[in-house]
2 protein chains.
Amino acid sequence: MQEVAVLGVGMTQFGELWDKSLRQLFTDAALAAIADAGVDHIDSMYVGAMSPGLFVGQEHIAALMADYLGMPGISATHVESACASGGIAVRQGIFEIASGASEIVLASGVEKMNDGADATYALATAADQEYEAFHGVTFPGLYAMIARAHMHQYKTTREQLAEVAVKNHEHGLKNPNAQFRMKINRDTVINATKVAEPLTLLDCSPLTDGAAAVILTTVDRAKKSGKPYAVIRASAQATDYMALHNRKNLASIPSVTKAAQAAYKQAGIAPDKLDVVEVHDCFTIAELVVTEELNLFERGKSGAAVLDGLTRYDGRIPVNTSGGLKSKGHPVGATGVAQIIEIVEQLRGSAGERQIKGAHIGLAQNMGGSGGSSVIHILKGE
Amino acid sequence: MQEVAVLGVGMTQFGELWDKSLRQLFTDAALAAIADAGVDHIDSMYVGAMSPGLFVGQEHIAALMADYLGMPGISATHVESACASGGIAVRQGIFEIASGASEIVLASGVEKMNDGADATYALATAADQEYEAFHGVTFPGLYAMIARAHMHQYKTTREQLAEVAVKNHEHGLKNPNAQFRMKINRDTVINATKVAEPLTLLDCSPLTDGAAAVILTTVDRAKKSGKPYAVIRASAQATDYMALHNRKNLASIPSVTKAAQAAYKQAGIAPDKLDVVEVHDCFTIAELVVTEELNLFERGKSGAAVLDGLTRYDGRIPVNTSGGLKSKGHPVGATGVAQIIEIVEQLRGSAGERQIKGAHIGLAQNMGGSGGSSVIHILKGE
């Protein structure tokens, strides 16, 4: 498959943005990415969004976004895989360029979650409704079960979970686009309002409005641009049983394992070659499980690793330098694209205060629901 | 771009299927397509659906459908472009194969519209909500305005509109999967309950449950299979201003014009080379306008053409031999795939009573909303 490059990136502030509509958020991010790439047109575009129908009563959003971007006419496609929609948008853009059909593609993600809709209901549609949500369980409950299983099997502690949030908030302090830029400590997390035992409010990512966009193009064109760019060395996607009750081991997320194995193989690298990683920490437990599936740590050792500071910006393998979903915010459709933006910023040395020195290879892992789907990209700086 | 073939097809009965769930409909169509193609696995899959979130309270449907198909693990992606979602699913499958990432891809569409949801509200989310639907206009109203403009500019008559429905119902009589298999006449259409002047109930496509799926693969693999197949000679997609008030001429649908020009160019053929055509007749007026945008008839002449029988199964250019959305039914996400299935059946000579003798090249035109998006495929029999 022909290699594809990320030439430009753009994102909005993440947060409760009551004065910005869905279309405005998208347009702001898209224009920023186009300007950053320095391209004079795009051939087509993808929009990742989980449920604009339920959140703001709008479907058919790709055509609408092309219209509001001032480009009615171009090919525009909306893709959805719950909270992995953004990563999938980038993946479909890669396919379109690699197929030879297009040369410059905008891949974006957007979600407007604060607009009066019942967000918990909307998010629960990412579970197997007939077997999970209709019976009353929502996502904090599903991830709480995963947390309990991990604690039971590996003696993972409440403190270790809390440290994920503490670390990501510390990282988020350095990200001007982050929703929650405040220092917290383990006690704050542990003593916060209980959401679903053992998870408290500060173990959970927030409801966020925001958008993110990247410009994808051929490596040839990226080279000729004279600008810094990142090459996509792997794009892998996998699914799993949607409902937790069908999975063999609640403390594992096989869609991530499968996508990770495929991605490492495509890129031809081992996990220890990674300089920086963004993972889908929708809940603190998710970051722990995912770092194990990515083979950054042995199974059951991720809790100790975070407590030892191995995943801090100054640790062995920095995880979620952006602040992660926890501190940066989680506009579900935009998250996967924002993760890739953080990796690109790190690889081209433009991550400001968050910069990891000499970062050369990075990985972004995006996940839908309780791991029913996952998409992983590995990027290399040029 | 590498050429891709359709090797197998499968679809469900279209209709009010109160005893079939979304996942069951998809699975029935997908298994039928896999059996028809005679493949022993699929590498990945696409699901086109407009709004499973609003219709049945379920998002993240591609992963869920892979799960229920008995294939948890494979890459599965949901795409949406309102009523053009099915055509887009096929298009994304083509990109994935042409990129070299996969060899066998299932492209499908499904919608469960009869399940108690407010279908008119759900469908209206395909319009520009802030400027159209929130003010009270729904799709029959939008297409009624297009009809009025066409009648005003080209002296198109009420009888000509009615004849589209009469012809498509006649075609649908021969399609065992069609929702409405009943003969109607022009008087029945004209005197039916008024929905939005000048459109009556029988000018409108119905609310339908159903699914459709095709197996896409490389032309090489299709050849080696020894089975009849169709080659995709063109895949083109375009958008337009979403809201009618932004368009220069209400009697035209520029997204179709643009996609058609690109498709004819890709395929290297003129419209008069087409043997059979499926168009998106969500309302009778849509078929008239679209056949003009496809250059099957001069602008303003499509009404006279249908009255003269030129688009009947025995006419110069048969349009909607399947019965079209009008008689076959319109499960919005499935429609684009079902159109391609009809063309494949015609090209391989397996269309039964509906068979157009010697059909060799066919076109399928799928459309979102009031033409905010359109996707066109041209296929050739082998």
Side-chain angles (χ1 to χ4, degrees), chain A residues 1-2 21 23 44 50-54 56-64 66-67 72-82 88 91-92 94-101 121-122 125-130 133-134 235-243 246 254-255 258 368-369 372-373, chain B residues 1-2 21 23 44 50-54 56-64 66-67 72-82 88 91-92 94-101 121-122 125-130 133-134 235-243 246 254-255 258 368-369 372-373:
Chain A
M1 206 168 102
Q2 195 196 313
S21 65
R23 61 189 80 187
S44 88
M50 176 183 160
S51 194
L54 291 169
V56 299
Q58 179 72 63
E59 301 283 8
H60 206 188
I61 64 160
L64 185 70
D67 178 351
I74 67 166
S75 176
T77 300
H78 167 214
V79 298
E80 180 268 331
S81 193
I88 302 280
R91 182 168 159 85
Q92 294 306 125
I94 294 169
F95 285 153
E96 183 164 339
I97 292 173
S99 77
Y121 168 75
T125 64
D128 184 333
Q129 286 283 59
E130 293 181 16
F134 287 166
S235 172
Q237 180 182 357
T239 55
D240 189 21
Y241 295 108
M242 282 278 276
N246 282 324
S255 64
K258 193 168 178 186
S373 65
Chain B
M1 206 169 102
Q2 194 195 316
S21 65
R23 60 188 81 185
S44 88
M50 176 185 160
S51 193
L54 291 170
V56 299
Q58 179 73 63
E59 302 283 8
H60 207 188
I61 64 160
L64 185 71
D67 179 351
I74 67 167
S75 174
T77 300
H78 168 215
V79 298
E80 180 268 330
S81 191
I88 303 279
R91 182 168 160 84
Q92 295 306 126
I94 294 168
F95 285 152
E96 183 163 340
I97 292 174
S99 76
Y121 169 76
T125 64
D128 185 332
Q129 286 283 61
E130 292 181 17
F134 288 166
S235 173
Q237 180 182 357
T239 56
D240 190 21
Y241 296 109
M242 283 278 276
N246 282 325
S255 66
K258 193 168 179 188
S373 65

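For clarity, every value in this text was computed on a predicted model and none was experimentally measured. Every chain is numbered from 1 and lettered A, B, ... according to where its sequence line falls, protein lines coming before strand lines. FYI, side chains are in, hydrogens and waters are out, and symmetry mates aren't considered; it's all heavy atoms of this structure.
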Novice: Which atoms form the tightest heavy-atom contact between B/Phe134 and A/Val56, and what is the distance?
Specialist: CZ-O, 4.2 Å
Novice: Could you report the tightest heavy-atom contact between B/Thr239 and A/Ala66, atom names first, then the distance?
Specialist: OG1-CB, 4.1 Å
Novice: Could you check whether any side-chain heavy atom of A/Ser44 comes within less than 4.5 Å of a side-chain heavy atom of B/Gln237, counting everything from C-beta outward?
Specialist: no
Novice: Using every non-hydrogen atom in the two residues, find where A/Ser99 and B/Phe95 come nearest and quote the distance to one decimal.
Specialist: OG-CD2, 3.5 Å
Novice: Where do A/Leu54 and B/Glu59 land on the side chain to side chain contact (heavy atoms under 4.5 Å, CB included) test, with the steps shown first?
Specialist: CA-CA 10 Å; A/Leu54 291 169; B/Glu59 302 283 8; 4.1 Å; yes
Novice: Looking only at non-hydrogen atoms, find the nearest pair between A/Gly372 and B/Ala63 and report the distance.
Specialist: O-CB, 3.5 Å
Novice: Side chain from CB out, backbone as N, CA, C, O: work out which of these in A/Ala62 comes under 4.5 Å of a heavy atom of chain B, or both, or neither.
Specialist: neither
Novice: Heavy atoms only, distances under 4.5 angstrom: which of B/Asp240, B/Asn246, B/Leu64 has the most pairs with chain A? Name it, please.
Specialist: B/Leu64
Novice: At a heavy-atom separation under 4.5 Å, does B/Ser235 approach chain A through its side chain, its backbone, both, or neither?
Specialist: neither
Novice: Can you tell me which of B/Gly100, B/Pro52, B/Ala101 forms the most heavy-atom pairs within a distance under 4.5 Å of chain A?
Specialist: B/Ala101
Novice: What's the spacing between B/Ile74 CD1 and A/Ser373 OG if we round to 0.5 Å?
Specialist: 12.5 Å
Novice: Side chain to side chain donor-acceptor pair (under 3.5 Å) with A/Asp128: which of B/Gln58, B/Arg23, B/His60?
Specialist: B/Arg23
Novice: Using a cut-off of under 4.5 Å on heavy-atom pairs, state which of A/Ala122, A/Ala98, A/Ala243, A/Ala236 scores highest against chain B.
Specialist: A/Ala98
Novice: Apply side chain to side chain contact (heavy atoms under 4.5 Å, CB included) to residues A/Ser75 and B/Arg91 and explain how you reach the verdict.
Specialist: CA-CA 11 Å; A/Ser75 176; B/Arg91 182 168 160 84; 3.7 Å; yes
Novice: Among the options B/Ser21, B/Ala238, B/Pro254, pick out the one with the most heavy-atom pairs lying under 4.5 Å from chain A.
Specialist: B/Ala238
Novice: At a heavy-atom separation under 4.5 Å, does A/Ala133 approach chain B through its side chain, its backbone, both, or neither?
Specialist: neither
Novice: Examine whether an atom of B/Ser255 lies under 4.5 Å from a heavy atom of chain A, and if so say whether it belongs to the side chain, the backbone or both; otherwise answer neither.
Specialist: neither
Novice: Output the option from B/Ser81, B/Gly57, B/Gly368, B/Ala82 having the highest count of non-hydrogen pairs under 4.5 Å with chain A.
Specialist: B/Gly57
Novice: Let's test your reading of the structure: which of B/Glu80, B/Gln129, B/Met50, B/Met1 forms the most heavy-atom pairs below 4.5 Å with chain A?
Specialist: B/Glu80
Novice: Given a strict heavy-atom distance threshold of 4.5 Å, which part of B/Ile88 is in contact with chain A: side chain, backbone, both, or neither?
Specialist: side chain
